[in-house]
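Step one of this worksheet: look at the structure below.
Keep in mind it's a predicted model, so treat the numbers as computed, not measured. Throughout, residue positions are numbered sequentially from 1 according to the sequence presented.
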Amino acid sequence: MKGVRVVARAFISGLVVLSAACAGEGTGLDEFGNPLTGGGGVDLGATFSGIQARVFTPICTQCHAGASAPLGFSLEAGVSFANVVNVPSVERPELMRVKPGQPDSSYLVLKVEGASGIVGARMPLGFPPLPAEEIAAIRDWITAGALEN
């Protein structure tokens, strides 16, 4: 029985060390368990860097990347901001892809919401619609001025 207790203690000690090494105390994670790219425990969901990390890079760059990006519209990190903010949409040139302060006049929002008046299909094409929380974060970012941060 003593041997079982020793093995059990060693196992529990190993789990404690392993969980501390992997999980930490939870700082640096947003409410979805995703790492924050900034600091200070700030939720970056409604910032450009948060949108890049949670939407553009993992979802949109499945198609919108490299030289073959549709309509030349790359959403890769490092070029996406310059490709979306105050840039006319190719499909609806009277609308900016992102018009700072005006999410309802931003073609990006119309495309991810599947609004009437868009050309083509709702984005992301071939994937499930973005969750309402992600669309709200994009809207909030645009409403706040669509800053690059």
Side-chain angles (χ1 to χ4, degrees), residues 10-149:
F11 179 74
I12 292 170
S13 295
L15 285 178
V16 169
V17 169
L18 184 61
S19 66
C22 295
E25 73 274 4
T27 60
L29 301 176
D30 67 12
E31 69 272 19
F32 304 105
N34 298 314
L36 297 172
T37 56
V42 177
D43 177 9
L44 296 178
T47 64
F48 179 74
S49 57
I51 292 163
Q52 181 71 51
R54 290 173 43 192
V55 178
F56 292 167
T57 297
I59 300 168
C60 301
T61 60
Q62 298 297 312
C63 298
H64 290 276
S68 62
L71 307 173
F73 185 26
S74 175
L75 288 172
E76 293 173 288
V79 298
S80 58
F81 185 84
N83 285 339
V84 296
V85 177
N86 288 316
V87 175
S89 164
V90 174
E91 294 176 339
R92 297 268 319 266
E94 73 278 12
L95 294 174
M96 296 292 145
R97 288 175 173 164
V98 168
K99 186 168 185 170
Q102 298 183 28
D104 291 328
S105 298
S106 296
Y107 198 58
L108 176 69
V109 171
L110 301 179
K111 287 292 276 192
V112 298
E113 289 181 341
S116 63
I118 62 171
V119 175
R122 181 179 189 165
M123 291 292 127
L125 185 62
F127 292 91
L130 293 179
E133 300 82 24
E134 299 298 353
I135 294 173
I138 293 169
R139 286 182 147 280
D140 290 347
W141 167 68
I142 294 170
T143 299
L147 303 174
E148 182 177 18
N149 54 355

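Among pairs with a residue in residues 115-144, those fulfilling ring-ring contact (aromatic ring centres under 6.0 Å, His included) read F48-W141, at least two apart in sequence or across chains. Under the ring-ring contact (aromatic ring centres under 6.0 Å, His included) criterion, no residue pair touches residues 99-118, with sequence neighbours excluded.
Scored by the side-chain hydrogen bond (donor to acceptor under 3.5 Å, both in side chains) test, K111 finds E91 as partners (sequence neighbours excluded). For P100, the side chain to side chain contact (heavy atoms under 4.5 Å, CB included) criterion is met by V85, N86, A146, not counting sequence neighbours. Scanning for side-chain hydrogen bond (donor to acceptor under 3.5 Å, both in side chains) contacts around S80 gives Q52, with sequence neighbours left out. Looking at residues two or more places apart in sequence or on another chain, you find no side-chain hydrogen bond (donor to acceptor under 3.5 Å, both in side chains) involving R97. When the salt bridge (charged side-chain N to carboxylate O under 4.0 Å, His left out) test is applied to R122, no partner is found at least two apart in sequence or on another chain. Under the side chain to side chain contact (heavy atoms under 4.5 Å, CB included) criterion, P131 pairs with E133, E134, not counting sequence neighbours. Partners of D104 according to the side-chain hydrogen bond (donor to acceptor under 3.5 Å, both in side chains) rule, which considers only residues two or more places apart in sequence or in another chain, are R139. Applying the ring pair (Phe, Tyr, Trp, His ring centres under 6.0 Å) criterion to F56, with sequence neighbours excluded, gives no partner residue. When the side chain to side chain contact (heavy atoms under 4.5 Å, CB included) test is applied to T143, the partners found at least two apart in sequence or on another chain are P103.
The two residues V55 and P58 have their closest heavy-atom pair at O-CD, 3.6 Å. Across A46 and D140, no two heavy atoms sit closer than the pair CB-CB, 3.8 Å.
Side chain of T57 to backbone of A53: no donor-acceptor contact under 3.5 angstrom is found. T61 contributes no side-chain N or O that, together with a main-chain N or O of L75, makes up a donor-acceptor pair within less than 3.5 Å.
In this structure the side chain of I138 reaches within 4.5 angstrom of the side chain of L130, judged on heavy atoms.
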Under 3.5 Å, which donor-acceptor pairs link side chains of residues 64-74 to any protein atom two or more places apart or in another chain?
unit_1, atom_1, unit_2, atom_2, d
H64, ND1, F73, O, 2.7
S74, OG, E76, N, 3.3
S74, OG, E76, OE1, 3.0

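To the nearest 0.5 Å, the span separating CD1 on I142 from CD on Q102 amounts to 10.5 Å. To the nearest 0.5 Å, the span separating CG on L108 from CG on L95 amounts to 11.5 Å.
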